[in-house]
**Student:** 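Below is one structure. I have some questions about it.
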Amino acid sequence: MGCCASKGENSKANRVARWRSTGITFPDEVLDLERSVRTLDLTHNKLVVIPVEISKLINMQRLVLAHNLIEHLPINLAKLQSLKTLTLDQNRVTTLPDELGQLVRLERLSISGNLLTCLPDTIGSLRNLVLLNVSSNKLKSLPESIGSCFSMEELQANDNLIDELPSSVRSLIHLKSLSLDNNNIKQMEGFQEFEARRRKKFDKQIDSNVMINSKGLDEGVDL
């Protein structure tokens with residue numbers, strides 16, 4: 001029995017050693033943790049494939065796989081229903097699966113520095129998305145459905161091939177930052193109206209805060 005345990009330990013050690021030396025696959029030991037994992041950060045490795053078994057990590061809230069060699073996302077990534085942050089910057093991803101829209105708790109999606117030519121229409125299902133970073137890809141447009149991401153506050157799409165924005169962008173009433181440097185945009189029809197409405201909203205918030213603070217100061221200097 002002792003010999004069997006020793007062989008098992010040696011086998012496990014060998015798997016870990018192989019993973020550390022090649023860096024091209026997930027270690028089995030991480031996937032075996034299943035419900036225990038809340039954050040998984042494998043930045044700056046040589047990962048090529050995200051295994052389908054990643055769906056075992058059902059309580060994971062933050063997945064960071066930046067600076068790897070990943071080309072595709074597995075469909076069953078959508079089973080990570082607790083996921084709030086997904087970071088895939090600086091990989092080789094060419095497409096995002098439609099199933100991405102099932103990650104309804106996702107708040108931050110960053111996939112800059114990849115090879116995306118389009119985004120799936122299902123991205124509009126991400127109603128809790130606060131940040132979307134798709135800079136440095138090959139996007140020619142953004143899907144009309146993006147206007148359904150009602151919680152979005154920051155949209156980064158620098159360094160793409162975008163020539164116009166979808167009209168639905170006007171629906172992003174919580175948007176505070178829109179970055180579109182180095183694209184092919186010649187005119188932004190309707191955006192001036194959207195920007196004026198957005199500025200008016202936040203000016204009201206500022207004025208309201210000033211009035212509240214002023215009232216507090218007045219009450220504090222009653223002599």
Side-chain angles (χ1 to χ4, degrees), residues 23-27 30-31 33-139 142-143 145-160 162 172 174-179:
I24 61 174
T25 58
F26 274 57
V30 171
L31 299 174
L33 291 173
E34 298 188 1
R35 296 175 181 271
S36 301
V37 178
R38 296 294 185 277
T39 295
L40 178 57
D41 190 337
L42 289 170
T43 301
H44 284 292
N45 280 284
K46 298 178 183 178
L47 294 171
V48 175
V49 176
I50 301 175
V52 294
E53 291 84 2
I54 197 172
S55 60
K56 294 179 180 179
L57 310 179
I58 59 174
N59 291 322
M60 183 163 55
Q61 297 181 10
R62 182 170 176 264
L63 177 59
V64 183
L65 300 171
H67 295 275
N68 280 285
L69 305 173
I70 299 166
E71 297 181 1
H72 304 286
L73 304 186
I75 292 176
N76 65 348
L77 193 70
K79 294 183 179 180
L80 301 178
Q81 289 294 297
S82 297
L83 201 63
K84 294 183 178 181
T85 297
L86 177 58
T87 303
L88 291 158
D89 301 328
Q90 302 299 322
N91 276 281
R92 299 177 180 177
V93 179
T94 56
T95 58
L96 296 177
D98 290 339
E99 287 75 12
L100 184 74
Q102 296 177 26
L103 297 175
V104 294
R105 295 186 182 178
L106 199 64
E107 297 176 358
R108 304 176 69 86
L109 173 59
S110 187
I111 189 166
S112 65
N114 279 272
L115 302 171
L116 296 174
T117 57
C118 65
L119 298 177
D121 289 335
T122 54
I123 201 166
S125 299
L126 304 180
R127 304 296 171 86
N128 291 308
L129 197 64
V130 175
L131 165 70
L132 175 61
N133 183 0
V134 291
S135 294
S136 300
N137 278 280
K138 297 183 178 181
L139 297 173
L142 298 175
S145 63
I146 202 168
S148 296
C149 299
F150 300 124
S151 299
M152 190 177 297
E153 296 181 2
E154 185 173 356
L155 173 55
Q156 300 178 15
N158 301 317
D159 300 300
N160 279 285
I162 299 170
L172 302 178
H174 297 293
L175 195 66
K176 298 177 181 178
S177 176
L178 175 60
S179 300

**Student:** Donor-acceptor pairs are to be reported for all side-chain atoms of residues 52-64 against protein atoms at under 3.5 Å, with residues two or more places apart or in another chain.
**Tutor:**
residue: S55; atom: OG; partner: V52; partner atom: O; Å: 3.1
residue: S55; atom: OG; partner: N76; partner atom: ND2; Å: 3.4
residue: N59; atom: ND2; partner: R35; partner atom: O; Å: 3.1

**Student:** So, for I123 and P143, which heavy atoms are closest and what is the spacing to 0.1 Å?
**Tutor:** CG2-CG, 3.9 Å
**Student:** Which heavy-atom pair separates G124 from S148 by the least distance, and what is that distance?
**Tutor:** O-CB, 3.3 Å
**Student:** Which atom pairs, donor and acceptor, lie under 3.5 Å between side-chain atoms of residues 99-107 and protein residues at least two apart or in another chain?
**Tutor:**
none

**Student:** Is any side-chain heavy atom of L115 less than 4.5 Å from a side-chain heavy atom of V93?
**Tutor:** no
**Student:** CD1 of I75 to NZ of K79: how many Å apart, nearest 0.5 Å?
**Tutor:** 10.5 Å
**Student:** Could you grab the distance from atom CG of L155 to atom CG of L142, nearest 0.5 Å is fine?
**Tutor:** 6.0 Å
**Student:** In chain order, what residues pass the side chain to side chain donor-acceptor pair (under 3.5 Å) check against E71, with sequence neighbours excluded?
**Tutor:** none
**Student:** T43: what forms a side chain to side chain donor-acceptor pair (under 3.5 Å) with it, not counting sequence neighbours?
**Tutor:** D41
**Student:** Scan for ring-ring contact (aromatic ring centres under 6.0 Å, His included) pairs involving residues 74-120, sequence neighbours excluded, and state none if there are none.
**Tutor:** none
**Student:** Is there any ring-ring contact (aromatic ring centres under 6.0 Å, His included) pair reaching into residues 48-99, and which pairs are they, with sequence neighbours excluded?
**Tutor:** H44-H67
**Student:** Test side chain to side chain contact (heavy atoms under 4.5 Å, CB included) on L88 and L73 and set out the steps.
**Tutor:** CA-CA 10 Å; L88 291 158; L73 304 186; 3.8 Å; yes
**Student:** Return the set of residues passing side chain to side chain donor-acceptor pair (under 3.5 Å) with S135 (not counting sequence neighbours), or none when no residue passes.
**Tutor:** N133
**Student:** Within this structure, what is the CG-OG distance for the pair D121 and S145, rounded to the nearest 0.5 Å?
**Tutor:** 4.5 Å
**Student:** In Å and rounded to the nearest 0.5 Å, what is the CD1 to CG distance from I70 to N114?
**Tutor:** 9.0 Å
**Student:** Indicate yes or no: at least one non-hydrogen side-chain atom of L116 is less than 4.5 angstrom from one of L119.
**Tutor:** yes
**Student:** Once ring-ring contact (aromatic ring centres under 6.0 Å, His included) is applied, what residue pairs with a partner in residues 73-104 remain, sequence neighbours excluded?
**Tutor:** none
**Student:** Please report the shortest heavy-atom distance between L86 and L83, naming the atom on each side.
**Tutor:** CB-CD2, 4.1 Å
**Student:** On a heavy-atom basis, which atom in L131 and which in Q156 lie closest, and how many Å separate them?
**Tutor:** CD1-NE2, 4.1 Å
**Student:** Heavy atoms, side chains only, cut-off 4.5 Å: are S151 and R127 in contact?
**Tutor:** no
**Student:** What is the minimum heavy-atom distance between S179 and N158, and which atoms define it?
**Tutor:** C-OD1, 3.1 Å
**Student:** Please assess M152 against I146 for the test side chain to side chain contact (heavy atoms under 4.5 Å, CB included), listing each intermediate value before the final yes or no.
**Tutor:** CA-CA 9 Å; M152 190 177 297; I146 202 168; 4.2 Å; yes
**Student:** Run the side chain to side chain contact (heavy atoms under 4.5 Å, CB included) check on T117 and N137 step by step: do they pass?
**Tutor:** CA-CA 7 Å; T117 57; N137 278 280; over 6 Å; no
**Student:** In the structure I gave you, are the side-chain heavy atoms of L69 and L47 within less than 4.5 Å of one another anywhere?
**Tutor:** no
**Student:** Does E154 reach the side chain of V130, with side-chain heavy atoms less than 4.5 Å apart?
**Tutor:** no
**Student:** Which pairs, with at least one residue in residues 94-124 and sequence neighbours excluded, count as a ring-ring contact (aromatic ring centres under 6.0 Å, His included)?
**Tutor:** none
**Student:** Please list all pairs meeting side chain to side chain donor-acceptor pair (under 3.5 Å) that have one or both residues in residues 87-98, counting only residues at least two apart or in different chains.
**Tutor:** D89-S110, D89-S112
